[in-house]
Amino acid sequence: LLSHLRNPVPPVFFVSYARADAVHPPYRAALKEFVANLRAAVAVRLARADDEIAFFDESSIAAGEVWTDVLVDALTTCSVGVALYTPNYFTRAWCGKEFGVFRKRRPAQPGASGIVPVLWMKCTTPPAVGDLQYRDGTFPEAYASVGMHQLATLQVFRDQYNQAVDAVAERIVAAVNSGGTLGGIGALEPEMLSSAWDESTKADPQSHKEGGVSKTCFVFVSREGWDWKPYPEMNWRIGALAQHISGELQLRYEEIACDEGLKDKLQETNESRVPTVLFGDPATLERDADYARSMREYDGQYLLNCAAIVPWDEASKLAGNADSRWIYLRTKVFPQKTEAPPPFHEWRSIFSAEELELRTRTTIEQIRSRLMRRAMSGAGDGLSAAVRKAEDPALSEGAAAAGISTELLGRLEGPRQ
Amino acid sequence: MTAAEPQRSGKIVTFYSYKGGTGRSMALANVAWILASRGCRVLAIDWDLEAPGLHRYFEPFLQDPSLERSTGVVDFVRDFATAALSVEPGTQEKDWYREYSNILAHAVSVEWQFPGAGCLNFVPAGRQDVAYPVRVNSFDWQGFYERLGGGVMLEDAKRGLRGLYDFVLIDSRTGVSDTAGVCTVQMPDELVVCFTLNRQSIYGASAAARSVFEQRRTRTGAPTVKIWPLPTRVDPSEKDRLEVAQTIARVRFTGLLSHLDPEEEDKYWDEIPVPYEAYYAYEEVLATFRERSRRPSSMLVGMERIAGYLTGGPSSSPDVIDEAQRSKGLAAFISRAASDVAEELALMGDEYESIRGRMSSGPRRTELMNYVVARTQLLGARGGGAIAEQFFRKGTPGGRIVGLALARGEPHRNQVEMALSGISPMRTPFEQFHALLLAQQLVPLLEASAGAQVYAAVAAEVGKTITELDASRWVVARDLLKALEGTAKRGDRSRPQEMLARTVAGQRVVLVESRPPVSSVRYDDVTEKHGPYVITRGVHQAVLPQILRMGRHLVTNALFGEFVRANGYENQRYWSKRSRIARRCRTADGNSLGPGNWADATTLPEGKDDHPVTNISFAEALAFVCWCDDTCPADPGWRWSLPPEDHWEYAARAESALIYPWGDAFDAARCNSSESGIGGTSHVTRFESDASPLGCCDMAGNVWEFVVATDAEAGQCVLRGGSFKNDRFELRSYLRLVRIQETIRPRDFGFRLAQVEISEAGLGAA
């Protein structure tokens with residue numbers, strides 16, 4: 001309705017956030033509250049009217065991902081980009097695009113980014129934002145360990161919350177006052193934008209090795225790739241489903257292309273303990289030799305970190321083992337792993353969109369758990385990934401003085417038999 | 001009140017039991033609540049990962065009661081482990097784990113206003129989704145300690161929590177499992193050990209307590225953990241045995257209460273046992289809300305005593321909870337219980353279907369099915385009637401039977417439509433029988449037209465689906481017919497109304513004039529909700545004027561057009577403080593002022609001159625009324641108004657509290673509802689023959705109507721009557737649409753005019 005209106009004055013800051021984090025009403029309320037507080041804190045410091053301060057698009061994703069003129073206008077004219085980091089933020093293409101625009105509008109001032117990141121909910125950050133710090137000495141200590149959302153919602157953190165809002169406001173104001181604001185940009189075609197997250201993984205051929213158990217890699221073994229829709233009634237395309245699940249499990253997301261490099265990359269993700277899921281499209285595998293070859297190669301590998309998931313339709317379920325496509329796949333495409341299926345291979349167990357989502361979720365947690373367990377127990381799997389240990393001699397000493405061992409799990413004794 | 005000054009060096013207290021079923025979580029939850037009510041900052045942690053249950057006690061006060069989103073303890077330790085395992089080479093920061101040692105990243109707030117600085121936060125076990133068991137069962141606690149330094153991280157976590165809370169209460173796993181070891185050996189400053197008074201429970205509890213006590217000593221041998229044994233579920237009726245069991249418990253805990261002197265210890269054992277109260281064995285309710293009286297032997301007083309020991313002394317004044325607060329809290333628990341009951345009722349329906357499907361018909365099957373009905377009524381005895389319809393509407397055989405059974409439990413809800421539907425020949429004999437029973441119960445409540453409908457429905461079946469071969473249905477049907485003959489003779493209560501014709505700007509407006517025989521009517525409306533906005537007023541009194549004047553029809557586009565043509569939108573006098581709103585009331589062209597569905601200010605929707613005006617807001621309706629008063633003043637002593645809500649309600653329902661303007665049973669042919677298939681507004685005279693008892697048309701359906709409500713908040717308004725978008729359930733005369741912004745302009749909002757006597761000024765002043 002308002003799309004023909006322009007923002008009369010460019011906003012000081014633009015709030016970039018994942019719509020998925022504002023669906024649950026209490027989360028939405030906390031988010032709005034934070035933006036209002038931040039807006040007020042910046043307005044006071046800049047002595048500007050309240051309504052010229054912030055752009056915060058409250059429309060939901062339910063309305064379809066539409067880049068309204070107002071939004072694009074604000075995105076291209078704001079002085080500072082405020083990015084709310086959450087697990088969902090780094091999985092969503094929309095957020096990656098907004099962030100990408102901030103990056104393209106790099107400030108003229110050397111060293112300035114024009115971006116003020118906020119750790120809204122605790123998450124691990126991808127390399128794409130590695131150069132930006134979301135905190136400094138002016139933030140309360142709890143901010144980095146619990147995230148702004150928790151500061152905002154737990155009463156015990158009232159002081160820390162106010163301090164953290166002020167610190168974010170100060171950063172925005174500092175950028176404005178020192179000329180470190182975002183630069184200009186030409187006309188923007190939202191559909192043509194690329195996500196900063198994709199850009200970053202594309203730019204780094206080694207990116208799939210990074211992150212360990214804090215993320216999941218996905219391979220879409222389908223001619224339609226990310227856009228493949230395994231079930232017509234499903235809301236998600238396969239890529240969107242993968243991103244959604246990653247966000248829900250608070251893991252980062254990365255796509256690995258299904259090409260001739262796949263075999264080596266899978267091997268490498270295994271060595272770096274990155275959980276990896278391959279989605280196979282039966283129709284593609286039956287008809288397309290290239291994709292079938294990738295899958296056949298995978299069939300010959302034995303990798304602890306991988307799961308393969310093949311969704312089937314209802315008709316195929318009714319046909320049972322007589323389904324010709326299934327016969328083809330199990331004899332020609334992945335004969336070994338159907339003969340003696342290793343765990344986490346859903347070759348022939350998923351027949352609905354609902355099962356697909358549930359099994360994918362559980363499978364990822366199972367793989368992660370297995371990888372974590374092996375690493376934590378120090379099992380000699382010959383993998384190179386480093387492990388770090390929490391150490392603090394003073395703390396351990398203090399605990400020992402009270403009879404607590406920080407090195408060993410405390411054991412209870414039951415009654416003697 | 002002791003309102004403990006925030007100590008900023010809080011205590012960590014673990015609640016442990018060797019066996020399950022000791023009421024450990026209940027004790028923790030109650031103590032947490034009592035401490036917060038005394039002004040303490042309290043954090044409760046559900047560390048019983050394998051069988052989390054603490055949240056049940058806080059559920060009514062959580063924003064995510066089913067824990068679908070909230071993370072917890074499992075995520076806390078896994079996040080730390082993830083960070084330890086996904087390290088990038090070359091990034092070695094000494095204090096890296098500090099970012100992961102704050103369990104409050106997973107805490108939620110228990111929404112309750114505690115006095116002073118008091119607050120209660122809660123860390124659940126973890127997000128309850130399909131993968132939860134995987135996350136819990138796979139976690140390697142030994143590796144967590146030995147390879148990742150988890151013990152150091154937890155010490156850091158303890159330090160942080162002590163600085164923020166007065167009390168951190170941890171609900172531990174039972175037995176001697178890994179997580180029980182973490183909770184009892186490493187975490188606590190004090191350990192509450194719950195047990196019931198049988199040997200196995202006592203031996204286990206005392207052995208575990210002793211094992212902690214022995215481990216937790218300073219180098220010089222001084223104990224660093226306080227042990228509080230807590231006998232629970234104590235049944236005082238068997239006095240002799242009780243004494244023996246208590247003696248056994250005391251002796252098994254010998255030496256572990258060294259923090260008390262002998263005299264204190266004796267007193268402690270004497271007063272601490274928590275009595276068994278059957279009620280708490282069945283329902284997870286906090287004692288604070290459940291108990292009104294403060295018997296010394298009650299659960300609540302017992303819990304306060306434990307809290308007293310943990311704070312280092314009893315509260316100087318008794319904890320008193322404000323009665324309004326208490327009943328609010330109890331209501332929250334009851335509504336939680338209601339959602340549990342709804343789940344169980346659905347299972348009843350499944351059971352009914354299963355019996356039907358697995359047995360062939362015969363007296364034994366009927367008996368079992370009747371038994372399901374009886375149990376359904378027992379389960380739904382408190383408030384089940386409110387959801388009867390919801391079940392019936394599911395349309396499944398089980399849902400319909402459950403619905404009928406519940407409706408019969410609360411006949412005052414007058415769910416005659418269910419009875420009518422169940423009597424129809426399409427139903428099974430069993431359902432028909434229960435529908436007849438429901439109808440029988442409703443006979444005294446039926447108004448004439450509904451009575452006639454039931455009569456016709458039963459008469460149509462007698463001799464066809466209802467025959468002497470099945471005596472049970474035959475007898476009920478015959479009795480019903482006999483009883484309803486009487487009802488039908490009561491005759492209809494329509495009374496002569498006066499119709500006044502008035503002219504506003506050249507357009508005819510018909511007002512119905514009625515003299516209510518009473519000055520107020522009490523409507524005992526049921527509580528019913530259709531989403532957050534369509535609700536009832538509950539039991540309430542409608543205050544009536546001596547003479548009531550209500551528009552017979554809705555205001556049409558044509559009439560509203562006169563207001564637009566007279567520049568009503570531009571005339572500030574009609575808008576008082578709302579002139580800012582006036583400027584934003586645009587027609588479809590975005591430039592001129594008028595209803596939102598008009599192409600422009602001079603173009604009415606085609607063919608809809610005599611349809612109700614829509615796409616207008618409450619503010620516009622008010623301005624229109626002012627304009628009426630200006631151009632065509634009402635009779636002396638009267639003025640134009642939007643209908644006061646009480647007047648509207650009386651005009652729609654009369655004294656007999658009709659559910660629809662024509663009676664209690666729905667009829668799709670008699671109004672413009674979603675069932676009619678019209679899909680838009682209709683001519684305002686189309687349903688003249690289906691007018692309300694006072695002669696007003698479209699009181700159900702067509703468009704929602706703005707009324708003047710006495711309880712609307714500033715900037716909001718109330719509407720009545722339902723629209724073409726609503727179904728039979730939403731256009732009932734007792735429902736109202738509330739909390740609507742006075743500026744929004746949907747395509748199914750309209751209004752009718754009324755007149756009020758000037759002495760009643762204030763009512764219409766909105």
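Proteins come first, then strands; the chains are lettered A, B, ... in the order of their sequence lines, and each starts at number 1.
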Asks: For A:Arg368 and B:Ser138, which I'm curious about, is there any donor-acceptor pair between the side chains at under 3.5 Å?
Replies: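 No donor-acceptor contact under 3.5 Å links the two side chains.
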Asks: Evaluate A:Leu409 against B:Phe144 for side-chain contact (heavy atoms from CB on, under 4.5 Å), listing each step before the verdict.
Replies: CA-CA 9 Å; A:Leu409 176 62; B:Phe144 168 78; over 6 Å; no
Asks: Looking at OG1 of A:Thr124 and CD of B:Glu99, how far apart are the two atoms once the value is rounded to the nearest 0.5 Å?
Replies: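 Rounded to the nearest 0.5 Å, the OG1-CD separation comes to 11.0 Å.
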Asks: Between the side chains of A:Arg411 and B:Ser211, is a donor N or O closer than 3.5 angstrom to an acceptor N or O?
Replies: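 Result is no, nothing qualifies.
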Asks: Between B:Asp79 and A:Lys122, does any NZ, NE, NH1 or NH2 come within less than 4.0 Å of an OD or OE carboxylate oxygen?
Replies: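 Salt bridge flag = no for B:Asp79 with A:Lys122.
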Asks: Which distance, rounded to the nearest 0.5 Å, do you find between the CE of A:Met372 and the OG1 of B:Thr82?
Replies: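 Result: 4.0 Å between the selected atoms.
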Asks: Let me confirm one number: the CZ-OG distance from B:Arg135 to A:Ser369, rounded to the nearest 0.5 Å.
Replies: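 B:Arg135 atom CZ to A:Ser369 atom OG measures 8.5 Å (nearest 0.5 Å).
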Asks: Mind running side-chain contact (heavy atoms from CB on, under 4.5 Å) on A:Asp392 and B:Glu155 for me, showing each step along the way?
Replies: CA-CA 10 Å; A:Asp392 185 325; B:Glu155 283 303 309; over 6 Å; no
Asks: Measuring from atom CE of A:Met376 to atom OH of B:Tyr145, what distance do you get when rounded to the nearest 0.5 angstrom?
Replies: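 Spacing of CE (A:Met376) from OH (B:Tyr145) equals 11.5 Å.
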Asks: Looking at side-chain heavy atoms only, is the closest gap between B:Cys119 and A:Val156 below 4.5 Å?
Replies: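 They are in side-chain contact.
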Asks: Rounded to the nearest 0.5 Å, how far does CG of B:Leu85 lie from CZ of A:Arg374?
Replies: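 Reported value, rounded in 0.5 Å steps: 13.0 Å.
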Asks: About how many Å separate OG of B:Ser86 and CG of A:Leu371, when rounded to the nearest 0.5 Å?
Replies: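 Reported value, rounded in 0.5 Å steps: 11.5 Å.
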